Amino acid sequence: MKKILLFLILSISMLSFGTESNQAVLKLIKDVEKNPTAESSIPKYEKIIDFSIETEDFEIQLYPEFISLGMENIDKNTGKILLGSYLAGVLKNPIEKKTMPKTSDGIKQELKVYKILKKNKNIKSDFFEKLIDAEKSGTIDSIYEDYDRK
């Protein structure tokens with residue numbers, strides 16, 4: 001009887017503290033989209049990051065150029081915001097619309113957040129600066145297509 005009770009307690013604990021459900025993560029993604037650089041968004045990004053690591057439902061491609069930004073002046077929370085925004089961008093459509101994850105969706109979301117952080121925290125990344133230049137010249141779609149084909 002004690003073994004059964006212990007098993008039930010452990011099972012309930014695992015359900016309570018396990019990976020977020022797809023719908024819970026979708027809600028987190030929509031919440032962070034409203035105010036992506038707020039301090040209150042950081043715990044939400046952490047849950048999105050944890051979900052992306054633990055889920056077996058989606059395969060997410062990570063590339064060094066937009067994950068390790070090479071910014072010495074970037075703090076831990078800014079790094080979480082950028083990584084979390086990329087993952088939120090990749091995960092949103094597959095969860096919401098049952099489509100395949102697209103790297104370009106993550107880059108687009110991370111670029112949007114990068115622009116806000118650049119203005120507010122004075123950060124700079126060569127990769128995202130090149131994307132901003134490509135937006136201005138009208139060639140950014142080919143960059144997105146390249147990442148989606150990899």
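All of these numbers come straight from a predicted model, not from anything done at the bench. The analysis underlying the following values was restricted to heavy atoms, covering all of them including side chains, and did not include hydrogens, waters or symmetry mates.
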All side-chain contact (heavy atoms from CB on, under 4.5 Å) counterparts of [X], not counting sequence neighbours:
X	value
I143	L131, A134, Y147
K98	none
E56	none

K130, NZ atom: more than 12 neighbouring heavy atoms under 6.0 Å: no

Euclidean distance, [Y] [atom2] relative to [X] [atom1], rounded to 0.5 Å:
X	Y	atom1	atom2	value
F58	M100	CZ	CE	9.5 Å
L87	K80	CG	NZ	13.5 Å
T37	I81	OG1	CD1	6.0 Å
Q109	I29	CD	CD1	9.0 Å
L26	I95	CG	CD1	6.0 Å
I123	K115	CD1	NZ	13.0 Å

Non-neighbouring partners of [X] that pass side chain to side chain donor-acceptor pair (under 3.5 Å), sequence neighbours left out:
X	answer
E129	Y114, K118
N35	none
S40	none
K112	none

Ring pair (Phe, Tyr, Trp, His ring centres under 6.0 Å) contacts touching residues 83-105 (sequence neighbours left out):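 Output for this query lists F66-Y86.
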
Partners passing salt bridge (Lys or Arg N to Asp or Glu O under 4.0 Å) against [X] (at least two apart in sequence or in another chain):
X	answer
D146	R149
K76	none
K92	E33
K108	none

Looking at every heavy atom in both [X] and [Y], which two are closest together, and how far apart are they?
X	Y	answer
A88	I48	N-CG2, 4.0 Å
P36	S41	O-CB, 4.2 Å
I132	L111	CG1-CD1, 3.9 Å
F128	I107	CE2-O, 4.3 Å
T139	S142	O-OG, 2.8 Å
T55	D57	OG1-N, 3.0 Å

Do any N or O atoms from the side chain of S85 and from the backbone of L82 form a donor-acceptor pair under 3.5 angstrom? yes

Give a yes or no on whether the backbone of N93 and the side-chain of D105 come within a donor-acceptor separation of less than 3.5 Å. no

Side chain to side chain donor-acceptor pair (under 3.5 Å) for K121 and T78? Distances and angles first, verdict last. CA-CA 9 Å; K121 290 192 172 198; T78 301; 2.9 Å; yes

Tell me whether F127 shares a hydrophobic cluster with I116, the cluster being built from Ile, Leu, Val, Met, Phe, Trp, Tyr side chains joined at under 4.5 Å. no

Should K47 and E54 be marked as a salt bridge (Lys or Arg N to Asp or Glu O under 4.0 Å) after you check the CA-CA gap, both sets of side-chain angles, and the distance that decides it? CA-CA 10 Å; K47 289 180 180 179; E54 296 171 7; over 6 Å; no

